[in-house]
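Side chains included, hydrogens not; waters and symmetry mates left out as well; all remaining heavy atoms used.
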Amino acid sequence: LADAMAQDPGIFTDVMVHLVRSGEVTGQLAEVMGELVRSLKWQAELAAQTQRTTVQTALAFGLAVTFVILLSAWLSIHEVSRPINALAAAMRRLANKDYESQIEGVHRRDEVGQMAQAMDYFREKMIEADRLQQEVLRDPLTGIANRRAFDQALERAWHALQASQRPLSLLFMDIDHFKPFNDHYGHGEGDRCLTRIASALHGCTHRPGDLVARYGGEEFVAILPDTDAQGALGVAQACHAATAVQAIPHGHSGVSGWVTLSIGVATMVPRQDSTPQALLQAADAMLYAAKAAGRNTTRATTVAPNAME
């Protein structure tokens with residue numbers, strides 16, 4: 001009977017009614033049985049309430065777990081992914097030699113901050129390396145490109161125009177009778193003369209690929225990519241004019257009372273069976289031709305493919 005009561009409290013109501021009707025129990029017993037039935041019903045309701053509470057607790061726990069997961073994802077995006085993406089973008093800028101933008105996150109005190117600090121240190125070293133490289137490729141006296149920079153630029157231009165089959169022109173320039181100038185006016189004035197002429201020649205080229213360099217002593221060269229013979233002659237005339245504007249006195253020239261230039265110009269379309277040295281030799285030969293013609297003038301040539309054999 002106790003087992004049946006635990007399973008179905010309604011049984012006690014039926015038993016109680018049966019006993020009362022049969023006259024086998026007293027009113028006191030019926031009252032006790034009624035209390036027992038009410039107690040069992042309360043326990044059943046309590047069990048149901050406990051079950052509902054358990055379900056609600058499980059739902060609340062599930063919501064809490066979901067919130068923690070979403071919060072972790074948000075923190076991952078804002079505290080890790082976004083800074084890492086910013087560092088990746090900074091590295092791409094450094095690869096393109098863009099040193100102006102600051103590295104984000106250098107003040108953080110976590111692993112991302114350590115990465116940012118290392119990248120900022122790397123940026124400073126790249127700036128220093130580029131500065132040293134520029135010094136290596138710059139003539140210390142005149143401030144323009146030196147022989148090494150010229151050699152590198154000529155190789156780059158040669159290979160680029162060899163692929164596109166476009167013309168490459170080269171100017172070989174020499175200050176006329178510079179040794180007598182040095183001997184008469186002194187090396188200090190000679191250095192100032194070289195610096196002024198270098199600056200004037202540098203101002204005659206304007207395109208990004210053009211390069212004016214000091215080749216050595218009083219000799220200068222100019223690389224003119226994608227420039228035909230006519231365009232190169234135009235630049236040579238501009239160099240003569242820029243030199244004249246400087247109006248540097250030269251009482252021992254034998255050509256003019258002022259410092260002047262002799263210029264050799266060579267133009268060719270780079271080919272696989274030719275070399276940059278062939279173009280340089282052609283420009284040098286034209287420089288000697290200009291000197292032989294009385295100096296303060298220009299001589300030019302266009303190198304044909306069969307002339308390089």
Side-chain angles (χ1 to χ4, degrees), residues 138-147 149-151 153-154 157 168-207 209-225 227-268 279-303:
R138 183 183 297 113
D139 179 61
L141 174 63
T142 62
I144 65 173
N146 60 14
R147 172 75 175 271
F150 165 76
D151 291 339
L154 182 59
L168 174 62
S169 292
L170 185 65
L171 274 60
F172 214 140
M173 300 170 279
D174 184 86
I175 297 177
D176 295 325
H177 299 295
F178 184 72
K179 187 179 184 305
F181 182 95
N182 246 352
D183 293 342
H184 180 73
Y185 296 103
H187 291 287
E189 285 299 318
D191 288 348
R192 279 186 282 275
C193 173
L194 289 171
T195 301
R196 291 176 61 182
I197 296 300
S199 177
L201 299 178
H202 186 267
C204 295
T205 58
H206 307 285
R207 298 180 310 172
D210 297 342
L211 178 76
V212 173
R214 185 184 180 193
Y215 194 76
E218 68 274 17
E219 293 180 326
F220 298 88
V221 285
I223 301 173
L224 305 174
T227 303
D228 58 16
Q230 183 177 359
L233 281 174
V235 175
Q237 292 303 316
C239 290
H240 281 298
T243 301
V245 168
Q246 295 301 310
I248 302 174
H250 191 346
H252 298 268
S253 170
V255 177
S256 169
W258 313 96
V259 168
T260 58
L261 288 178
S262 293
I263 303 177
V265 180
T267 301
M268 67 184 301
L279 180 63
L280 184 60
Q281 290 171 4
D284 189 37
M286 289 299 99
L287 174 60
Y288 277 98
K291 291 181 178 180
R295 301 179 186 263
N296 191 25
T297 188
T298 295
R299 290 294 181 268
T301 184
T302 298
V303 183

Can you list the residues that meet the side-chain hydrogen bond (donor to acceptor under 3.5 Å, both in side chains) rule with Thr260, with sequence neighbours excluded? Asp176
Does a side-chain heavy-atom distance below 4.5 Å link Leu168 with Ile223? yes
For Gln281, check side-chain hydrogen bond (donor to acceptor under 3.5 Å, both in side chains) against everything at least two apart and list the hits. none
Please name the pair of heavy atoms, one in Ala238 and one in Cys204, separated by the smallest distance, quoted to 0.1 Å. O-SG, 3.5 Å
Tell me every residue that passes side chain to side chain contact (heavy atoms under 4.5 Å, CB included) with Lys291, counting only those two or more places apart in sequence or in another chain. Asp174, Ser262, Leu287, Arg295
I'd like to know whether Val221 forms a side-chain contact (heavy atoms from CB on, under 4.5 Å) with Arg147, so could you lay out the CA-CA distance, the side-chain angles of the two residues, the decisive distance to 0.1 Å, and finally the verdict. CA-CA 9 Å; Val221 285; Arg147 172 75 175 271; over 6 Å; no
Listed partners of Phe150 passing ring pair (Phe, Tyr, Trp, His ring centres under 6.0 Å), at least two apart: Tyr215
Can you give the donor-acceptor pairs under 3.5 Å from side chains of residues 194-202 to other protein atoms, not counting sequence neighbours?
unit_1, atom_1, unit_2, atom_2, d
Thr195, OG1, Asp191, O, 2.9
Arg196, NE, Gln246, OE1, 3.2
Arg196, NH2, Gln246, O, 2.6

Return the set of residues passing salt bridge (Lys or Arg N to Asp or Glu O under 4.0 Å) with Glu219 (not counting sequence neighbours), or none when no residue passes. none
Tell me whether Ser169 contacts the main-chain N or O of Thr227 through its side chain, where contact means a donor paired with an acceptor under 3.5 Å. yes
Quick one: closest heavy-atom pair of Ala149 and Leu211, and the distance? O-CD2, 3.9 Å
Any residue meeting salt bridge (Lys or Arg N to Asp or Glu O under 4.0 Å) with Asp210, in chain and number order, not counting sequence neighbours: Arg207
Worked verdict on Val259 versus Phe178 for side-chain contact (heavy atoms from CB on, under 4.5 Å): CA-CA 8 Å; Val259 168; Phe178 184 72; over 6 Å; no
By side chain to side chain contact (heavy atoms under 4.5 Å, CB included), Ala283 pairs with (sequence neighbours left out) Leu170, Phe172, Ala266
In this structure, CZ of Arg138 is separated from CG of Asn146 (nearest 0.5 Å) by 9.5 Å
To the closest 0.5 Å, what do you measure between CD (Gln230) and OG1 (Thr302)? 11.0 Å
Candidate pair Leu261 and Ile175, rule side-chain contact (heavy atoms from CB on, under 4.5 Å), full reasoning: CA-CA 5 Å; Leu261 288 178; Ile175 297 177; 3.8 Å; yes
Any chance you could lay out the side-chain contact (heavy atoms from CB on, under 4.5 Å) test for Arg214 and Leu141, step after step, and finish with the verdict? CA-CA 10 Å; Arg214 185 184 180 193; Leu141 174 63; 3.6 Å; yes
Which residues share a salt bridge (Lys or Arg N to Asp or Glu O under 4.0 Å) with Asp228, sequence neighbours left out: none
Please enumerate all residues that pass side-chain hydrogen bond (donor to acceptor under 3.5 Å, both in side chains) together with Thr297, with sequence neighbours excluded. Arg299
Going by ring pair (Phe, Tyr, Trp, His ring centres under 6.0 Å), name the residues that satisfy it together with His250, two or more places apart in sequence or in a different chain. Phe181
Could you work out, with side chain to side chain contact (heavy atoms under 4.5 Å, CB included) as the rule, every residue matching Ala236, not counting sequence neighbours? Leu171, Ile263, Val265, Thr298
